[in-house]
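What follows is a set of notes on a single structure, which appears directly below.
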Amino acid sequence: MAAPKIIVVGGGLAGLAAVIKIAEAGGTVDLFSIVPVKRSHSVCAQGGINAAKNLKGEGDTTDKHFDDTIYGGDFLANQTPVKAMCEAAPGIIDLLDRMGVPFNRTPEGLLDFRRFGGTLYNRTAFAGATTGQQLLYALDEQVRRHESTGHVNKYEGWEFLSAVLDSKGVARGITALNLRTMELRSFAADAIIIATGGIGAIFGKSTNSVVCTGSAQSAIFQQGAYYANGEFIQVHPTAIPGEDKLRLMSESARGEGGRVWVPRTVGDKRPFKQIPESDRFYFLEEWYPKYGNLVPRDIATRAIHKVVYEHHLGIDGQPMVYLDLTHIDRATLNRKLEGILEIYEKFVGDDPRDVPMKIFPGMHYTMGGLWVDFNQMTNIPGIFAAGECEYQYHGANRLGANSLVSCIFGGFRSGPNAMAYARSLPAAEGDGGHAAELARQAEINNNLMTNDGTENPFKLWRELGETMSKHATVVRYNKGLKQADEKIVELQERFKQVNLSDKSQWANTSFAFARQLGNMLELSRVVVGGALLRDESRGAHYKPDFPERNDEQFLKTTKASYTGSADGPRFEYEAVDIQFIKPRPRRYDATK
Amino acid sequence: MAPKTVQLEIKRQASPDAPAVWEKFELEWRPGMNVISAMMEIATNPVTADGQATTPITYDSNCLEEICGSCAMRINGKARMACSSLVENLEQPIRIEPLSKFPLVRDLQVDRSVLFENLMRVKAWVPVDGTYDLGSGPRVFPQEQEANYPLSNCISCTCCMEVCPQFNEDTGFVGAATIAQVKLFNNHPTGKVFKEDRLRALAGDGGVQECGFAQNCVEVCPKQIPLTNAISDVSRDVTIQKVKDFLRG
Amino acid sequence: MATVQHPSTPSLRPGVQPLRAGQGTSFLWRKLHSLLGIVPIGAFLVEHLLSNFEALKGAAAYGTQVRFLNSLPLVRGLEWAFIFLPILYHGVYGVYIWLRGKSNIVYYPWTGNWMYLAQRYTGLIAIVYIGYHVATQRFLGVSLPENPAYAFAKVHNELTNPLILAFYVIAMIAVCWHFAYGIWLFAAKWGITPGATARVRFGYACLVLGIVLAGIGLTSIYAFVGPGSAAQAAAVQLH
């Protein structure tokens, strides 16, 4: 039998990890990516990657990493896969080290580790302030190596449109659009791995990259896949507000001693230097003395939100607080944080070594995603998912530096599992549904291209982003969520009237964007609908009207499925695997 | 007072064989605006300064944090990243053109795949035995890490190639980025197993010898990678390698 | 694979080709060009400038120096092997290098880029000058190898033309510039000065060397045209 042919969609950490495993096992891979894979969003991860290597003599163990992750995720994550991830993490770090990732080192030449949010251990390996970039490059290089031996074919500049399903609903390939020639084509495969990252674009401005639209997940969802825990959206406490996007200021800024504060009195207009220590309100340190500035992200985000909107202490009355590194000496800052400090300097114009940074929370990470089983396969046979686009590892809130490990771990599992699945896959009947799916996509494309309405897709997107950011991020009210859902339905109606100002058949970015937008709108309803139904507060999902966690009713995975009707997605709930750690209250203001 | 505006002149070309035209845009100024946000603004309202309907601009972008390397273009004549080009630091009208050394796709979008091909040809990777758990990696002292880390920061934006007078279709010069990666991987305790192969590759046509040491690469590099140091080091190693090869027969 | 019918699409121009890893011989030719610029060409330049400096001592001393040089064993062979052919190769290949580079000083007016451009123009001046100089002083007119004593007069006579004098002065500066920066480039490109600080320091050293060489050269020119030079030239009679 010929070697299985696997399609991997997405060339970030998870996708590349899967590709390497498949190539190593003798399979051949077609790797699809909108951008050259080396430009994937994984490059944006700054702070580090967690693994309980216990190289600091603190008695850290993988069990403690597991507990921190489950606790940080407010017990919503299924425990079996999380446990496996935490146990695999030290080996993953070693592998990355062998691949040449320039991790920071101790004087003895061993890996250095720093502290990150949500833990009391130095558990985070890091490569300066560009860990994600370094990790992605290491995997990119390995994939290039397999490319040179013919195991990998890259389709960079192709956008995934849909899965090709046969008459039994089994995946047999994909359809994709060449973003340069606008050619629509279908590709056969024995299994597909979706590794398309987060969905930041549905919030308009976020810390995510331009390609993080969730379009692929949404397309699969509309073809019958469950989308799980969509309502769990991480808002990073420290982002730099910008015109085009929100730029992340890594948690490592706090990990290295950065302090968050505002002036104690409302309307204090003094420049920061003239505000004495006694007039500064280090609210995280006061409210959470044990973890201080390193409380988990959802806690820090809500605290900043509160200090700005309830205490009205934002700097100059603006929604911003100080993140201060100026008490740390320049040499240390340059050695450990240079990369992120340069970002601030470049995009804001102030030197954070001299002036405290002004930051505010921004949408950052998608905890929810395509529902997968413990083998990383969605409910559509033959479609696997790995990385941020699936829901498995972070529960209701992700801990800092856990995303890189979950991406690589998920990729490493999905690759071999897809191979095993593909080896036992019976041959397709007929053409496996290729012609039908291609015709369906051609019709969608044709309708969009010839549509004669009045709506500009970029404007619709802006409205979507504003609505989602307002109602579905830090603080959620059922009334607002209902308004948001109505707004999305309105936008969906208006989307039918979309008129592309560019109707050419060559590198037409408006066309590609409009297709993404259609999918983004569908997924937005999953996020909003899930949030509306979850009347509790858990992890990143916070409803002031329901401030407590409600395990009895909601210690459950939300599973959304597509109905195609105007009522929106259908929601059902699945019990969470809690066999190892019994849920307990999650409190960072006291010992857990 | 009239609202502050931003004037842009953008070189448009609908396809590789279509004629190039300059289009002018006038946008409302907002604090913190960069070239990308200006082009996003144009996409929501694709109308030129003289009121003509046009199409949104085609350009590469992704992270907008100057780490993915996508949005390199020529802004007021100079190659740089559009995301980190703050409007208030630029002379107006801001003239925006595609990179000139790479095949044009459309508008500001060019094909820079030659860099990735070059990286493949110099085996820019560490040949690990496999991805299974083989224990920890080789010891690397902090001093070595600090020397190598800057090289590993290359974002493949190709600005160094664009500004190099020697990088063109006549020379087929490989460019500074790839040479720096050769240094990086030759420095790695395991990566150096291919050191000789990489050095021989770089002695091929279009190799390190084509460098004219104009040093534009190191001036323009948005990541301040010590590219000229890398070229110098690698050049020496290539020469020594070629002499060794000659003497060994 | 199934595909949807699509109108004919434009094609991209080929662009810069990737590295021809390990292929071709350009490395050898380029390195030869670079090396010849130092040895023997640079070495000969220094020797020549120092020899010319003898002119300061007068026509007779200069004649003696010329006679000495022409008395070296196998001098005609040495002249071709270590002077004419290397210079010819360095010049021709240099022009080839120039033609394949595309200066962009308009957009990137940085020091290194100016020096890159200057190295090409000074090289061009040097080629033209050396061609002229060798033709007029070595091959045309009175043959100096046979009449070394006449050397001073021959140079003096030529430099009495103010245009030619100006040409000599410009060329002297250009040649010294080209050589001094050439040494700097050689050190940078052969990895002798791989650090930025080393390159800056060595840059000053090369600047001093260039100025000293140009000073010697211009002083020598002055010796051929300054006060008393006419009388000295007249004193040397052709046999």
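Numbered from 1 within each chain, the chains take letters A, B, ... in sequence-line order.
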Taking C/G22, C/A198, C/G101, C/P194 one by one, which has the highest count of heavy-atom pairs under 4.5 Å against chain B? C/P194

What pair of heavy atoms forms the shortest contact from [X] to [Y], and how long is it?
X      : Y      : result
B/N118 : C/P18  : OD1-CA, 3.2 Å
C/G15  : B/P103 : CA-CG, 3.8 Å
B/P16  : C/S11  : CB-O, 3.6 Å
B/G212 : C/R30  : CA-NH2, 4.2 Å
C/K189 : B/C211 : NZ-O, 2.7 Å

Highest number of heavy-atom pairs under 4.5 Å with chain C: which of [options]?
options                        : value
B/V105, B/N216, B/L115         : B/N216
B/I231, B/V122, B/N168, B/I240 : B/N168
B/P165, B/G206, B/A203         : B/P165
B/D233, B/V174, B/T171         : B/T171
B/G77, B/S235, B/A201, B/G175  : B/A201
B/M161, B/R121, B/R200         : B/R121

Is there a side-chain contact between [X] and [Y] in this structure, where contact means two heavy atoms from C-beta onward sitting under 4.5 Å apart?
X      : Y      : result
B/E219 : C/Y108 : no
C/V16  : B/F167 : yes
C/R199 : B/F213 : yes
C/R100 : B/Q166 : no
B/L104 : C/R13  : no
C/Y107 : B/V163 : no
C/L19  : B/T178 : no
C/Q17  : B/E169 : no

Return yes when atom [atom1] of [X] has more than 12 non-hydrogen atoms of other residues, nucleotides or ligands closer than 6.0 Å, and no otherwise.
X      : atom1 : answer
C/Y89  : OH    : yes
C/L72  : CG    : yes
C/Y121 : OH    : no
C/R201 : CZ    : no
C/Y129 : OH    : yes
C/Y132 : OH    : yes
B/W22  : CH2   : yes
B/W125 : CH2   : yes

Does any heavy atom of chain B fall under 4.5 Å from the side chain of [X], the backbone, both, or neither of them?
X      : result
C/S34  : neither
C/Y181 : side chain
C/K31  : side chain
C/W184 : side chain
C/W110 : side chain
C/T25  : backbone

Check the pair C/F27, B/D205 against side chain to side chain contact (heavy atoms under 4.5 Å, CB included), reporting the backbone distance first and the verdict last. CA-CA 7 Å; C/F27 181 82; B/D205 285 353; over 6 Å; no

State whether a side-chain donor-acceptor pair under 3.5 Å links C/Y116 with B/Q215. no

Under a plain distance cut-off of 3.5 Å, with no hydrogens placed, do B/Q209 and C/S26 share a side-chain donor-acceptor pair? yes

Measure the CG-NZ distance between C/L28 and B/K242 for me, rounded to the nearest 0.5 Å. 8.5 Å

Got a second to check how far C/L12's CG is from B/D17's CG, nearest 0.5 Å? 9.5 Å

Residue part contacting chain C, namely of B/A18, when any heavy atom lies under 4.5 Å: neither

